[in-house]
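Single-structure report; data block below.
Letters A, B, ... mirror the listed sequences (proteins, then strands); counts begin at 1. Computation of the quantities below employed the complete heavy-atom set of this structure, encompassing side-chain atoms and omitting hydrogens, waters and symmetry-equivalent molecules.
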Amino acid sequence: MAYHFNDIEAKWQKYWAEHKTFKAKQPQELGEDKKPPFYVLDMFPYPSGAGLHVGHPLGYIASDIYSRYKRHKDFNVLHPQGYDSFGLPAEQYAIQTGQHPAKTTKANIKRYREQLDRIGFSFDWDREVRTSNPEYYKWTQWIFIQLFGSYYDYDEQKAKPISALVEVFEQGGNASINVACDDDIAPFTAEDWSSYSSDEKEHILLKYRLTYLAETEVNWCPALGTVLANDEIVNGLSERGSHPVVRKKMKQWSMRISAYAERLLSGLDNLEWTDSIKDAQRNWIGKSVGASVNFPILAFPEGEGTTTPRYMTGGNNAHLLVEKAQNNRKNPTKTEAVLWEALKGKQLSGFKFRQQHLIDDFIVDFVCLKKGLVIEVDGKYHEETKQYDEARTDILNKQGFEVMRFTNEKVLSQLEEVLEKILTKLESLQDRKGKVPPSGARGIDVFTTRPDTIFGVSFMTLAPEHDLVKQITTPEQKEAVEHYIGETEKRSERDRLADVKTITGVFTGAYAEHPFTKEPIPIWIGDYVLASYGTGAVMAVPCGDQRDYDFAKHFDIPIPNIFKDTDISEQAFAEKDNTQIANSDFLNDLPIKKAIKRAIHEIESNGFGKSKTNYRLRDAVFSRQRYWGEPFPVYYVNGLPKMIDEKHLPLNLPEIEKYLPTETGEPPLGRADVWAWDTEHHKVVSNAGVNHTTIFPLELNTMPGWAGSSWYMFRYMETDKRNEVFASKEALDYWQNVDFYVGGSEHATGHLLYSRFWTKFLKDRGFLNVEEPFKKMLNQGMILGESAFVKKDMNANKIYSENAVPAVEVQKIHADVNLVNTSNELDIEGFIKFRPEFKDAEFVLQNGKVLSFGEDLGEASNGTFLVSREVEKMSKSKYNVVNPDDICDEYGADALRLYEMFLGPIEQSKPWNTAGLSGVLGFLKKLWKLYHDGDNFVVSDESADKKAFKTLHKTIKKVTEDIENLSLNTSVSTFMICVNELTQLKCNHREILEPLCVLISPFAPHIAEELWEKLGHNESIAYEAFPIFEEKYLVESTKVYPISFNGKMKFTLELDLSLSKAEIEEAVMQQERTQKQLQGRTPKKVIVVPGKIVNIVG
RNA sequence: GCUCGGAUGGUGGAAUUGGUAGACACGUUGGACUUAAAAUCCAAUGGCCAUUAUGGCCGUGCGGGUUCAAGUCCCGCUCCGAGUACCA
């Protein structure tokens, strides 16, 4: 009787579905049966319109094998499946066709289910979830409300209800709390708090909630009326339609995931995940330890009042002159000294003068900034020509300064007269115009991981977007700075990052003061500093940081060296080991690690800053301007968000006519007519009713794709009470978390991070009792397609077979792989139907024969047409998609399952080759034959011989180990070897074939069930005990020793395992072949490893 | 640049702690069966040189090293893949 896989597979798939064979038991159903739970989960698919290709089931097959194995091992296995059914493709399809996304999603799911069912997965479909079902997203909304109602306490490292924070505020304000919050919160006392209105209180609380509304910078495309993700922008234009994109601030919901940075990082240590995924998360979280330091800004001189014009009047190159000016001050000429004696300390009728002051790119001798009067004396520093003096005066005039010049002689001989002239002039002048500096800005906070290099600071750089930039920029530099900011705004963040080589920046004209040396430090802006990381400002240490170094070189900023015995003439010295600090006051001669500690100590004890840990992880924007997503359970009262009461969930997605944003740029939900919340009747009502007293507008954004997928693993745990709870306590206590998770590694920093975040949050608030969602994870590789190409003459309508290409320029064109057989022969007729544009083309066959349209293409067998093959990602656009349905039709589901496993290590990417399936199909046929004699099922009840037992137990051992290690490709090989050996032995004994059937059932469940039934069992094989390996069947008395000479194996020799080392050596040396190899030489050494090898050296 | 993987026949891959490199398949070649094809079965298949042989030499990306013995361990490269990126 032949192996009719189609009938067998259909029969058992039906059986499993009817008997609910794979239904997992809830704890209360277990009764006496105290099976331990085991939860195996696949990352649920997004049901796309394209259906499944042969690459998709790879992970599902692996997890299915594992699930079935665990059932054989007597676990209560939970192995569910569902659909991540909200998402962009359905919405885009809806925009194009007007079809409701729910409709297409439903159709896609139906198709997915049909395809999945054909492969024989042991899913418990009773627990299916769909993220777009209101009964599911009710709980996604519920979790959002819990997040809104929570804040994060850093001291306790957990989330707590917001009501606890209100109590803290009532008792002591916000001065001494250590909680996660926005960074722009003003301090307030308990009295302040009680004096606030409830709206004010709400505004403040919003800055502490774990999900909050905030102005976020987004890529806004006015033409498309939507926000674009970074990868939807190419060269500053939208990918679709090439419309301009601008950075725009929008009110968006954000998730305060940054609060969990430390726990997300430390939690990784205990997970059985691959190092590469853990590393990706560690990088993403990006913890760096260092210090935050405050650099005071010199813009606000003491004692001059707030009406005084700016102190800083230097130009773009002024930083180069600072040192010179200092020198000049220290070493004045005689004339300067005399005049300064008379001017300093507001002696001259209370007018304050400064000496050797920077204005634009000049150092002027004296200046009264209030009146804008410059006094210059001729001396050793002014040997310039008259022309130069005039040019200089001209520039100073343009900057709003009057210039008076006196000769040395005049000052020395007629000081009184000079002073009088100056005073007269001063009194005749209006106050110089200047912006009033704000009182709030006290300095620039920077974050550094290298506080030890603080004495190497020679400038500071702010991100162009930094709030302080506008405040500190001097009038002289205003134009340059504004121009620069304008230029950077035009570039998207991504472009900026891509173009690392070009060094750009501009001097603000402002100076900060070094906290230790009190020296002025020029403040620049540059786009190599990111507003989004740290404080958006850096203390630049060019000798120790390559980017600072490059910037300094480019703008000719000094590069002081603070590393002992290092050469920084070519590049910065960024190493942390084997060097000591120099030119750094109290840090001199300290090795770097000690210097860091000392520097932090000094910074803290002087009040310049404090030690700080910084994380790269940013809060996640949670709003999308889309239709096909979860609606927020939020309505707005006076612009303040309010949550809909939990009792009234779900808030269903409204119906709209078109799925595009509105004409006014609102998200698609802005098109809904019935989208207002009636707080009296607790229901959604028409927008017309909005009165802002009882009826309020609802949120128009929807949640992002990762909302629903961040908690679905817990939803599967519940069966009955799905409407009352997202999962009952009993169920959560029993199943705990996912024991084994299977999916692609592309979710390393998305889904896998967000679900860890939500799990931790739900645990903090007592809704879950596990800290992590997924204990062990397997990341399957991608199955690649073997694309087929024909070669077309670039200049003629001629298409060539692989080996018939003449010396002309050709172009490769994809041919659908379904038109190519396993020998790479193309079905030309099919190709013309597939690409009608070539219906008039000539086809040059392998033998040079030319076929063209009109001829009988069936005659193509007179010569073949071959395609060339190339491995590419499997995708519709490359016409290399292989449909699992076709494989099931032709080879069977069991063959498909075995083949996908047999291809290679599961985590590795590898090309699909349909031809290879004949190997596994042949194996299944051989397996089938073991149980049959011709057409009859024949199994002997006599006892099997030793060899058969040895083969069986060898197989049990290897397969058990392989499944545990997830080396599923080698277990398929092992089965092949086993069946080959048993065939050789003509073994048809029940005591061998029955365990073999169980052994193979996780891999090829249909054939196993069929054979099991034929063996006389009337229950499914699914819960049979897995065969246990017994050592005794493998015990050997002899070993075939490889005998090697100088490490090279020359021949083998079978020897008794009981022999001692000496006996083995003797036996080997007696061999004629040994003597032949030695050719009369005496071996220097003979290495004998009993049971392994003999090596003769000499 | 940084982080993590990887490189073995014509192809996918095996070799779990250093111990017979190439398991198991695909493909190819030859043969049997057949009117023929399919299916099935048998044999060969890393390269080179031999062929009277149970024969010799070379072989796991490249160059060194450790060892009786290296695909496996160490040092230095090259190339490929993935992730991430001016992270201060």
Side-chain angles (χ1 to χ4, degrees), chain A residues 2 274-284 286-288 290 446-450 453 461 494 496-501 503 526-530 532-541 544-548 550-551 614-617 745-746 748-749 779 781-782 786 822-823 869 871 898-899 902-905 907-920 922-923 925-926 929 958 961-962 965 967 969-977 980 1040-1052 1072-1073 1076 1083-1089 1091-1098:
Chain A
T274 61
D275 286 338
S276 83
I277 298 252
K278 285 192 196 183
D279 259 24
Q281 294 212 347
R282 285 191 188 109
N283 278 334
W284 192 258
K287 179 178 185 174
S288 34
V446 298
F447 172 74
T448 178
T449 55
R450 295 290 304 275
T453 62
T461 316
R494 173 165 276 237
R496 247 171 81 182
L497 300 186
D499 182 21
V500 173
K501 289 191 183 81
I503 295 165
D527 66 3
Y528 81 98
V529 175
L530 303 176
S532 53
Y533 183 75
T535 59
V538 299
M539 57 173 225
V541 183
D545 182 285
Q546 194 56 42
R547 291 155 300 162
D548 295 343
D550 294 340
F551 195 86
N614 216 27
Y615 297 92
R616 199 192 80 117
L617 183 68
S745 54
E746 67 273 19
T749 52
N779 307 110
M782 215 188 313
E786 272 209 314
T822 52
S823 308
R869 293 279 197 167
V871 173
L898 283 172
Y899 184 61
F902 184 63
L903 267 177
E907 349 41 82
Q908 207 169 296
S909 288
K910 56 245 153 182
W912 176 264
N913 177 12
T914 302
L917 271 152
S918 62
V920 287
F923 158 74
K925 286 177 182 171
K926 273 191 218 166
K929 269 194 191 165
K958 178 82 172 125
E961 286 168 2
D962 280 350
N965 296 328
S967 173
N969 53 329
T970 50
S971 31
V972 178
S973 307
T974 307
F975 285 127
M976 289 174 170
I977 294 166
N980 287 347
V1040 179
Y1041 278 93
I1043 312 299
S1044 53
F1045 292 79
N1046 296 319
K1048 280 173 191 159
M1049 206 283 287
K1050 292 298 174 184
F1051 60 88
T1052 56
E1072 201 185 312
R1073 285 177 289 179
K1076 198 179 160 192
K1084 281 184 204 146
K1085 214 187 206 177
V1086 178
I1087 310 278
V1088 177
V1089 185
K1092 280 209 161 155
I1093 200 169
V1094 177
N1095 190 18
I1096 298 164
V1097 189

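The nearest whole Å value for the distance from the CD atom in E786(A) to the C1' atom in rG27(B) is 12 Å. Remark: C1' of rG56(B) and NZ of K1050(A) are 8 Å apart, rounded to the nearest angstrom. Taking atom CZ of residue F1045(A) and atom P of nucleotide rG56(B), one finds them 11 Å apart after rounding to whole Å. Here rA85(B) presents its P atom at 14 Å from CD of Q281(A), a figure rounded to the nearest Å. Nucleotide rG81(B) holds its P atom 18 Å from the NZ atom of K910(A), rounded to whole Å. In this structure, the CE atom of M782(A) is 8 Å from the P atom of rG83(B), given to the nearest Å. Atom CD1 in I1087(A) sits about 15 Å away from atom P in rU20(B), given to the nearest Å. Here rC26(B) presents its P atom at 10 Å from OH of Y899(A), a figure rounded to the nearest Å.
Taking the C1' atoms as reference points, rG55(B) lies 33 Å from rG64(B), given to the whole Å. The same atom, C1', is picked in rG61(B) and in rC57(B); the two are 22 Å apart, to the nearest Å. Using atom C1' as the reference point in both rA70(B) and rU20(B), the two lie 14 Å apart (nearest Å). With C1' as the reference atom, rA21(B) and rC75(B) are 25 Å apart, rounded to whole Å. Remark: the separation of the P atoms in rC77(B) and rG10(B) is 30 Å, to the nearest Å. Atom C1' of rG9(B) sits at a distance of 14 Å from the matching atom of rC24(B), rounded to the whole Å. For the C1' atom pair drawn from rA25(B) and rU45(B), the interatomic distance equals 14 Å after rounding to whole Å. Comparing the same atom, P, in rC33(B) and in rU17(B) gives a spacing of 49 Å after rounding to whole Å.
Which of rC86(B), rC68(B), rU40(B) sits closest to the side chain of R547(A) comes down to rC86(B). Residue Y533(A) places its side chain closer to rA88(B) than to any other of rG12(B), rA88(B), rA25(B). Comparing rG83(B), rC68(B), rA14(B) by their closest approach to the side chain of V1097(A) singles out rC68(B). In the set rU84(B), rA21(B), rA14(B), rU84(B) carries the atom at the smallest distance from any side-chain atom of T749(A). If you check rC24(B), rU3(B), rC58(B) against the side chain of K1048(A), the one that comes closest is rC58(B). Out of rU20(B), rU16(B), rC87(B), the shortest distance to the side chain of M1049(A) is found at rU20(B). Minimum atom distance to the side chain of N283(A) is reached by rU3(B), of the listed rG19(B), rU20(B), rU3(B). Checked against rA88(B), rA85(B), rC24(B), the side chain of M976(A) finds its nearest nucleotide in rC24(B). Of the listed nucleotides (rA14(B), rC24(B), rC4(B)), rC4(B) has the atom at the smallest distance from the side chain of D279(A). The side chain of D962(A) lies closest to rU16(B), out of rG19(B), rU16(B), rC24(B).
Side-chain contact between W912(A) and E786(A) is absent, with no heavy atoms from C-beta onward closer than 4.5 Å. The side-chain heavy atoms of M976(A) and V920(A), taken from C-beta on, include a pair separated by under 4.5 Å.
Of the two residues near RNA chain B, T974(A) and R450(A), the one whose nearest nucleotide lies more 5' is T974(A). Projected onto RNA chain B by closest heavy-atom contact, K1085(A) and N913(A) fall at different nucleotides, the more 5' of which corresponds to N913(A).
Between the side chain of N1095(A) and the base of rC68(B) there is at least one donor-acceptor pair of N/O atoms closer than 3.5 Å. Applying the 3.5 Å distance criterion, the base of rU20(B) shares no donor-acceptor pair with the side chain of K1092(A).
K1084(A) comes within contact range of no nucleotide atom at all, as no heavy-atom separation falls under 4.0 Å. Contacts of T1052(A) with the nucleic acid, taken as non-hydrogen atoms under 4.0 Å apart, include base atoms. Within the 4.0 angstrom heavy-atom criterion, base atoms lie near S973(A). Nucleic acid contact for Q908(A): sugar-phosphate only, since backbone atoms but no base atoms lie under 4.0 Å from a heavy atom of the residue.
Judged by a 6.0 Å distance limit and a 45° cone about the ring axis, R1073(A) is positioned over the six-membered ring of F1051(A).
Here rU66(B) sits opposite no nucleotide as a Watson-Crick or G-U wobble pair (both hydrogen-bonding atom distances under 3.5 Å). Under the Watson-Crick or G-U wobble criterion, with both distances below 3.5 Å, rU60(B) has no partner in any strand shown. In this structure, rA43(B) and rU29(B) make a Watson-Crick or G-U wobble pair, each of the two defining distances being under 3.5 angstrom. Of the nucleotides present, none pairs with rU51(B) by Watson-Crick or G-U wobble criteria with both distances under 3.5 Å. Nucleotide rU84(B) forms a Watson-Crick or G-U wobble pair with rG1(B), both donor-acceptor distances falling under 3.5 Å. Using the Watson-Crick or G-U wobble rule with both distances under 3.5 Å, rA7(B) pairs with rU78(B). Pair check for rA36(B) finds none; no Watson-Crick or G-U wobble contact set falls under 3.5 Å. The partner of rU20(B) is absent, by the rule that a Watson-Crick or G-U pair needs both atom distances under 3.5 Å.
The shortest distance between the side-chain N/O atoms of R616(A) and the OP1/OP2 oxygens of rA88(B) is not below 4.0 Å. Within the structure, every side-chain polar atom (N or O) of N969(A) is placed at least 4.0 Å from both OP1 and OP2 of rC24(B). The phosphate of rA88(B) has OP1 or OP2 within less than 4.0 Å of a side-chain N or O from S288(A). Contact annotation: N980(A) reaches the phosphate of rA25(B) (side-chain N/O to OP1 or OP2, under 4.0 Å).
Distance check: D527(A) CG to I503(A) CD1 gives 10.5 Å after rounding to the nearest 0.5 Å.
Heavy-atom minimum distance, N1046(A) versus V1097(A): OD1-CA, 3.5 Å.
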#### Entry: Derivation and outcome, side-chain hydrogen bond (donor to acceptor under 3.5 Å, both in side chains), residues S288(A) and N614(A)
CA-CA 5 Å; S288(A) 34; N614(A) 216 27; 5.2 Å; no
### Task
Could you go through the side-chain contact (heavy atoms from CB on, under 4.5 Å) check for V538(A) and Y528(A) one step at a time?
CA-CA 10 Å; V538(A) 299; Y528(A) 81 98; 4.1 Å; yes
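Looking only at distances, a side-chain donor or acceptor of N965(A) sits under 3.5 Å from a matching main-chain atom of E961(A). For Y899(A) (side chain) and N913(A) (main-chain N/O), a donor-acceptor pair under 3.5 Å exists by modelled atom type.
Of the charged side-chain nitrogens involved, none lies within less than 4.0 Å of a carboxylate oxygen, so that R547(A) and D550(A) do not count as a salt-bridged pair.
Shown here, rG9(B) is classed syn by the O4'-C1'-N9-C4 or O4'-C1'-N1-C2 angle, which is within 90° of 0.
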